[in-house]
Amino acid sequence: MQTIQIYNSLTNKKEALIPIKEGYIGMYVCGPTVYSNVHMGNVRSFMSFDMIYRYFLHLGYKVRYVRNITDAGHLTDDDAEDKISTKARLEKLEPMEIVQKYTIDFHQILQEFNFLPPSIEPTATGHIMEQIKAIETIIDHGLAYEINGSVYFDVLKYNETENYGILSKRKIEDTIENTRILEGQSDKKNAQDFALWKKAEPEHIQRWDSPWGTGFPGWHLECTVMSTKYLGKEFDIHGGGMDLKFPHHECEIAQAQACNHINPVKYWMHGNMLTLNGKKMSKSTGNNILPRELLSGENDNITKAYTPSVVRFFMMQAHYRSVLDFSNDAILAAEKGYNRLMESLKLLKQLKSGPNSTFKVSDWKQKCYDAMNDDFNTPILIAHLFEAAKFINLIQDEKEFLNSEDLTDFKATIHLFINDVLGLDNKSKIDHNSNKLDGVVEMLIQLRKEARDDGNWALSDQIRNDLSELGIHLKDGKDGTSFSIK
RNA sequence: GGCGUCGUGGCCGAGUGGCUAGGCUGGGCUCUGCAAAAGCUCCUACAGCGGUUCGAAUCCGCUCGACGCCUCCA
């Protein structure tokens, strides 16, 4: 099996991936908060982990991939003023109605972008009992306290024996200094303590009964509880966006340690941000672009629509740990490159083997693996795929050759990395009329050939130009004319 | 203010002590009736200033700039 070097945010260096149980990988990724549409920034993050998941599967690991849906807490009623009014039930916004709407939307988007579904997709609201139990455990262990219907994690006490800041590399003194000012009238003993359970104020429309009264769980708790439940007290990989590192992931470590006395995660992975106009995409600031807008072209930041595969390709051309700036020019360039790659891939099917091989497929193949094994370096992988595209074209022109064994391997490897690992979907749309269309184009090519043989360039060019306007491009080669439909 | 990441050719984006990816764009050539496509080729960069080193885009220091986190966030 290949050895993967994986960048661990906990140690800030690349380490060899050695699963806790050989052959198995437990991976938890923080999912979306389903109170609004996911934007492209969210999609990028999930896509990085989709690629990683795909690669693990390809290597033959048995992976349990857990990605949660955050559907509890945080939600307040805009109409708080009306809370006592006798509004009819149906007129009020039902929290689960919102959750349902955006969960469906989220799934549809991911499907459009050819995501593999995770093994388990648990929801926070489905694990309220477990969260309450976890809080009780933490209280029992003396690391949380209840005040006024809320329960807080005692960060200072925890820090006496453990290291709060182990992941984010923050010193607790700095945390104290910088939070004190912000939190004036809180119930908390210390400003840096975080909520495990929040008392529900009247405007909170999601609420559950608990030993501490009516309320809702703190945001950080769900991930601790669900990862532990499905992956165990100690598991291999925890992923998420860079922006979750602090406080969310730091708190997760603290909670898990407080519950189970064990460092829960072996490898922490953080995907970097997708920026728009040089700034992080964000729901709150409105600086974002929605997946559907990208697919329909309806956004002021873009001049045209893009296919899901082009978008995916664009994302994969950057390393998951680098900031990627989204712009029309950048994705337009990616689209051109992608199309070129796909054109050469179409030739791949019809490629004929030669008597011998003029380049070493095995070397090239290993370079592809090396790229992926080096912390999932998809940009390098893609560079190698472009190299392959060049070879495909040269083989087609009979300037390079592969024997049948190498050719089979070459085809399989390209298919593997393009489709299985990168998740690029080059299937052409199933069109029952495509055969008829092909026939018509072939007929026109034949007519044009006759015109060309007669030296009737005017007619010949007219056929070519008219077809071109319809998106059908003719290419005159040595062995006759071929065409591609865009 | 604190902590952290980063600054690569016209653009996007890898690399991270010597062998200097890839894509897009632009120029040239081959092929071609002309195109297109394809191939070949040219434009050789690492914010600035110091330092370490035989050698630095890569390590160290400083300066400038950008971004992220510190509040819900992928």
Side-chain angles (χ1 to χ4, degrees), chain A residues 12 29-33 35-36 38-49 67 70 73-75 165 168-171 173-179 181-183 192 219 239-248 250 270-275 278-285 288 313-314 317-327 329-338 340-341 343-344 347 367 371 374 377-387 389-390 392-394 396-397 399-400 452-453 455-458 460-461 464-465 468 473-478 481-484:
Chain A
N12 275 350
V29 171
C30 291
T33 307
Y35 294 148
S36 60
V38 290
H39 58 249
M40 284 316 300
N42 304 105
V43 172
R44 182 195 180 194
S45 184
F46 301 134
M47 195 178 280
S48 297
F49 291 104
R67 188 184 61 213
T70 297
H74 326 314
L75 191 64
S168 58
K169 314 290 182 280
R170 274 158 212 264
K171 293 191 190 79
E173 305 85 62
D174 298 336
T175 320
I176 297 163
E177 215 168 284
N178 292 305
T179 40
I181 313 139
L182 295 168
E183 314 268 350
Q192 70 284 1
W219 171 45
M242 208 74 106
D243 51 352
L244 297 183
K245 207 171 183 181
F246 189 89
H248 185 57
E250 192 70 62
H270 289 97
N272 219 134
M273 302 291 103
L274 179 68
T275 58
K279 293 262 162 59
K280 179 187 170 186
M281 281 197 198
S282 159
K283 282 173 193 170
S284 49
T285 60
N288 65 43
F313 182 76
F314 168 72
Q317 267 195 311
H319 188 92
Y320 78 91
R321 279 192 291 114
S322 298
V323 174
L324 174 62
D325 191 52
F326 183 92
S327 69
D329 284 352
I331 194 163
L332 209 54
E335 182 181 52
K336 285 185 181 171
Y338 174 77
R340 194 164 79 78
L341 196 58
E343 280 303 313
S344 75
L347 293 175
K367 280 197 284 182
D374 184 15
N377 200 325
T378 53
I380 298 284
L381 171 65
I382 288 173
H384 294 321
L385 291 173
F386 273 108
E387 200 179 301
K390 195 156 107 179
I392 292 169
N393 290 321
L394 288 169
Q396 173 74 8
D397 289 351
K399 285 171 182 158
E400 297 276 356
R452 293 176 74 201
D453 291 344
N456 188 348
W457 308 125
S460 161
D461 288 353
R464 185 174 66 197
N465 293 340
S468 180
H473 301 282
L474 302 187
K475 287 170 258 186
D476 296 326
K478 275 178 186 157
T481 303
S482 61
F483 67 95
S484 63

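Protein chains get the first letters and strands the later ones, always in sequence-line order, with residue 1 at the start of each. Atoms considered below: every heavy atom in the structure, side chains included; atoms not considered: hydrogens, waters and symmetry mates.
Remark: A:Ala389 engages A:Leu341, A:Ser344 in a side chain to side chain contact (heavy atoms under 4.5 Å, CB included) (not counting sequence neighbours). Residues meeting the side chain to side chain contact (heavy atoms under 4.5 Å, CB included) test with A:Lys367, sequence neighbours left out: A:His384, A:Glu387. Looking at residues two or more places apart in sequence or on another chain, you find a ring-ring contact (aromatic ring centres under 6.0 Å, His included) between A:His248 and A:Trp219, A:His220. Looking at residues two or more places apart in sequence or on another chain, you find a side chain to side chain donor-acceptor pair (under 3.5 Å) between A:Asn42 and A:His39.
Rounded to an integer number of Å, the gap from CG of A:Asn393 to P of B:A38 is 7 Å. In this entry the distance linking CG of A:Asp325 with P of B:A74 reads 20 Å, nearest Å. Computed from coordinates, the A:Tyr35 OH to B:A74 P distance equals 12 Å when rounded to whole Å.
Across B:A35, B:A38, B:G13, the shortest atom-to-atom separation from the side chain of A:Arg464 is found for B:A35. Of the candidate nucleotides B:G39, B:A74, B:C70, B:G39 has the atom lying nearest to any side-chain atom of A:Leu394. Distances were taken from every side-chain heavy atom of A:Asp461 (C-beta onward) to each of B:G13, B:G39, B:G33; the shortest belongs to B:G33. The side chain of A:Thr33 sits closest to B:A74 out of B:A74, B:A14, B:G33.
When the side-chain nitrogen and oxygen atoms of A:Lys283 are compared with OP1 and OP2 of B:A74, one or more of them lie within a distance under 4.0 Å. Phosphate contact (OP1/OP2 of B:G15, side-chain N/O of A:Asn377, threshold under 4.0 Å): present. Contact annotation: A:Ser327 side-chain N/O to B:C12 OP1/OP2 distance is not under 4.0 Å. For A:Lys279, a side-chain nitrogen or oxygen approaches OP1 or OP2 of B:C67 to under 4.0 Å. Between A:Ser460 and B:C34 there is no side-chain N or O to OP1 or OP2 distance below 4.0 Å.
The aromatic rings of A:Phe326 and A:Phe314 sit perpendicular to each other, their planes meeting at more than 60°, with 30° as the lower class boundary. Ring geometry for A:Phe313 against A:Tyr338 counts as tilted: the plane angle lies between 30° and 60°, on a 0 to 90° scale.
Of the C1' atoms belonging to B:C12 and B:G4, the separation is 25 Å, rounded to the nearest Å. The gap from the C1' atom of B:G9 to that of B:G22 amounts to 14 Å, rounded to the nearest Å. Taking atom C1' in both B:G10 and B:G26, the straight-line distance is 8 Å, to the nearest Å.
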(request) Indicate for each nucleotide in nucleotides 20-28 of chain B, in 5' to 3' sequence, whether protein heavy atoms under 4.0 Å reach the base (B), only the sugar-phosphate (S), or nothing (-). (result) -BSSSS---
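Between A:Ala330 and A:Trp457, the residue anchored closer to the 5' end of RNA chain B is A:Ala330, taking for each the nucleotide with the nearest heavy atom. Where A:Ala458 and A:Pro32 each meet RNA chain B at their nearest nucleotide, the meeting point lying more 5' is that of A:Ala458.
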(message) If a pair means Watson-Crick or G-U wobble with both distances below 3.5 Å, what does RNA chain B look like in dot-bracket form, with | marking bases paired to a different strand?
(response) (((((((..(((.....[...))).(((((.......)))))....(((((..]....))))))))))))....
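In terms of polar N and O atoms assigned as donor or acceptor, the side chain of A:Arg170 comes within less than 3.5 Å of the base of B:C69 in a complementary pairing.
Scanning both residues, A:Lys283 and A:Thr33, for their nearest heavy atoms gives NZ-O, 3.4 Å. Shown here for A:Gly241 and A:His270, the closest heavy-atom pair between the two residues is O-CD2, 3.4 Å.
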